[in-house]
Protein chains: 2
Amino acid sequence: MTDNSKDLRSNCPINFAVETFGDKWTLLVIRDLMFKGKRYYGDFLASDEKISTNILADRLQKLETNGVVSKLPDPENGSKYIYSLTEKGKALLPAMVEVTAWSVQHDSLTNTPDDFMRFYNADKNGLIEMFKSKLDN
Amino acid sequence: MTDNSKDLRSNCPINFAVETFGDKWTLLVIRDLMFKGKRYYGDFLASDEKISTNILADRLQKLETNGVVSKLPDPENGSKYIYSLTEKGKALLPAMVEVTAWSVQHDSLTNTPDDFMRFYNADKNGLIEMFKSKLDN
DNA sequence: CTGTATCCTTAGGGATACTG
DNA sequence: CAGTATCCCTAAGGATACAG
């Protein structure tokens with residue numbers, strides 16, 4: 001609950017979300033942090049969707065500004081940073097899981113680990129907890 | 001589960017979602033259908049965010065193409081249409097609820113009915129079922 | 001009023017060069 | 001390799017005119 005005083009088009013929560021990650025790239029960066037364990041600049045560049053380097057820099061920057069991502073110097077390599085999700089970013093997990101489930105159910109081409117929907121249908125909260133614990137280690 | 005053969009940047013489910021509603025306006029139209037009971041063209045035009053008429057037409061069209069929204073002649077007024085969510089559209093409800101909850105928890109300015117978070121915290125599935133039943137009447 | 005079409009500006013973003 | 005900066009084109013979209 002922070003007072004981020006950029007001027008939004010409205011005070012609707014859906015609009016807040018849209019203004020935070022409603023574009024063609026931001027959610028993919030969040031996905032990479034959340035589900036693919038990516039942490040370094042080059043990791044994100046290497047994703048299937050081929051984000052270009054200027055866009056990546058811009059989105060990481062905006063996510064940091066919005067408190068979704070943190071950027072810390074890599075203790076093992078002074079010349080690079082480790083990007084990771086803040087608590088605010090991690091809190092997007094349930095939404096990301098629901099979005100994933102929707103896509104898997106409505107797009108025949110989508111590829112996702114086989115057991116995702118099994119777990120989702122059997123015990124959604126358990127699935128979310130499982131991913132959550134992965135994020136915290 | 002339909003084979004929509006537009007060429008996606010990848011077969012990732014998050015990317016599928018991004019390509020379906022990852023822009024500044026689409027999710028607001030879905031919100032209006034899902035939570036605000038809007039059905040007519042003019043209803044959408046009247047939202048707080050002031051969508052312009054060409055963009056609205058474009059988004060309704062794309063949503064229809066993607067099977068999220070249906071467009072049917074209004075039986076009580078031949079010169080207009082009724083827009084509504086398809087089953088695929090309604091299936092976005094859990095995701096929309098999670099996104100809303102995230103925004104409410106992370107944006108102090110967001111305004112939402114007081115009891116939303118109470119219900120969400122007490123019985124999330126019940127909250128979703130409640131909205132679902134509203135959509136089906 | 002419901003929707004479509006056009007005009008024109010700005011923002012998004014691809015390619016790529018460049019710095020440490 | 002990590003990240004920044006520039007160049008330039010295309011797509012997003014605001015304003016508004018127009019048709020039924």
Side-chain angles (χ1 to χ4, degrees), chain A residues 6-10 14-15 18-33 36-66 69-84, chain B residues 6-10 14-15 18-33 36-66 69-84:
Chain A
K6 53 173 176 175
D7 44 330
L8 303 167
R9 294 178 293 181
S10 75
I14 295 293
N15 183 60
V18 163
E19 302 215 23
T20 307
F21 50 75
D23 70 271
K24 295 281 177 224
W25 294 107
T26 302
L27 224 46
L28 301 181
V29 174
I30 295 172
R31 169 204 64 187
D32 285 352
L33 287 160
K36 311 217 170 186
K38 299 192 176 182
R39 292 194 305 276
Y40 300 110
Y41 196 84
D43 296 340
F44 301 103
L45 275 184
S47 293
D48 286 350
E49 296 86 5
K50 298 286 167 220
I51 192 170
S52 62
T53 175
N54 56 334
I55 302 298
L56 176 59
D58 178 79
R59 293 308 186 279
L60 285 170
Q61 156 90 278
K62 282 179 176 156
L63 284 168
E64 198 192 354
T65 300
N66 291 333
V69 161
S70 68
K71 176 181 182 176
L72 296 170
D74 181 359
E76 287 162 19
N77 181 342
S79 79
K80 68 199 283 194
Y81 291 94
I82 296 182
Y83 299 94
S84 50
Chain B
K6 54 173 177 176
D7 44 330
L8 304 166
R9 295 178 294 181
S10 75
I14 295 294
N15 183 60
V18 163
E19 302 215 22
T20 306
F21 50 76
D23 69 272
K24 295 281 176 223
W25 294 107
T26 301
L27 223 48
L28 301 181
V29 174
I30 294 172
R31 169 204 64 188
D32 286 351
L33 286 161
K36 312 218 169 183
K38 300 194 176 179
R39 292 194 304 278
Y40 299 112
Y41 196 84
D43 296 340
F44 302 102
L45 276 184
S47 294
D48 287 350
E49 296 86 5
K50 299 286 168 219
I51 191 170
S52 63
T53 175
N54 56 335
I55 303 299
L56 175 60
D58 179 78
R59 293 308 187 278
L60 285 170
Q61 156 91 277
K62 282 180 176 155
L63 285 168
E64 199 193 353
T65 299
N66 291 333
V69 161
S70 69
K71 176 184 184 175
L72 295 169
D74 181 359
E76 288 162 19
N77 180 339
S79 79
K80 67 201 284 194
Y81 291 92
I82 296 183
Y83 299 94
S84 52

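In what follows, chains are A, B, ... by sequence order, proteins preceding strands, each numbered from 1. Just so you know, these numbers come straight off a predicted model, no measurement behind them.
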Inset, instruction - Nearest whole angstrom, please: distance from the P of D:dA15 to the CG of B:Leu45. - result: 13 Å
Inset, instruction - Figure out the CG/P separation between B:Asp23 and D:dG14, and round it to whole Å. - result: 11 Å
Inset, instruction - Round to a whole Å and report the spacing from OH of B:Tyr81 to P of C:dG3. - result: 8 Å
Legend entry - Closest to side chain of B:Tyr41, choosing from C:dT2, C:dT6, D:dA2: C:dT2
Inset, instruction - Describe the nucleic acid contact of A:Lys24 in one word from base, sugar-phosphate, nothing, applying a heavy-atom distance below 4.0 Å. - result: sugar-phosphate
Inset, instruction - Report the distance from atom CH2 of A:Trp25 to atom C1' of C:dA11, rounded to the nearest whole Å. - result: 16 Å
Inset, instruction - Mind calculating the distance between CG (A:Asn54) and P (D:dT4) to the nearest angstrom? - result: 11 Å
Inset, instruction - For A:Asp43 and D:dG3, give me the distance from atom CG to atom C1', rounded to whole Å. - result: 14 Å
Inset, instruction - Please determine, for the side chain of A:Arg59, which listed nucleotide (C:dG13, D:dA2, C:dT4) has the closest atom? - result: C:dG13
Legend entry - Separation of atom CG in B:Asn77 from atom C1' in D:dG20, rounded to whole Å: 12 Å
Inset, instruction - Have a look at B:Tyr83 and say if it touches a base, only the backbone sugar-phosphate, or nothing, with a 4.0 Å heavy-atom cut-off. - result: sugar-phosphate
Legend entry - Pair B:Ser47, B:Lys38: side-chain N/O donor-acceptor within cut-off below 3.5 Å: yes
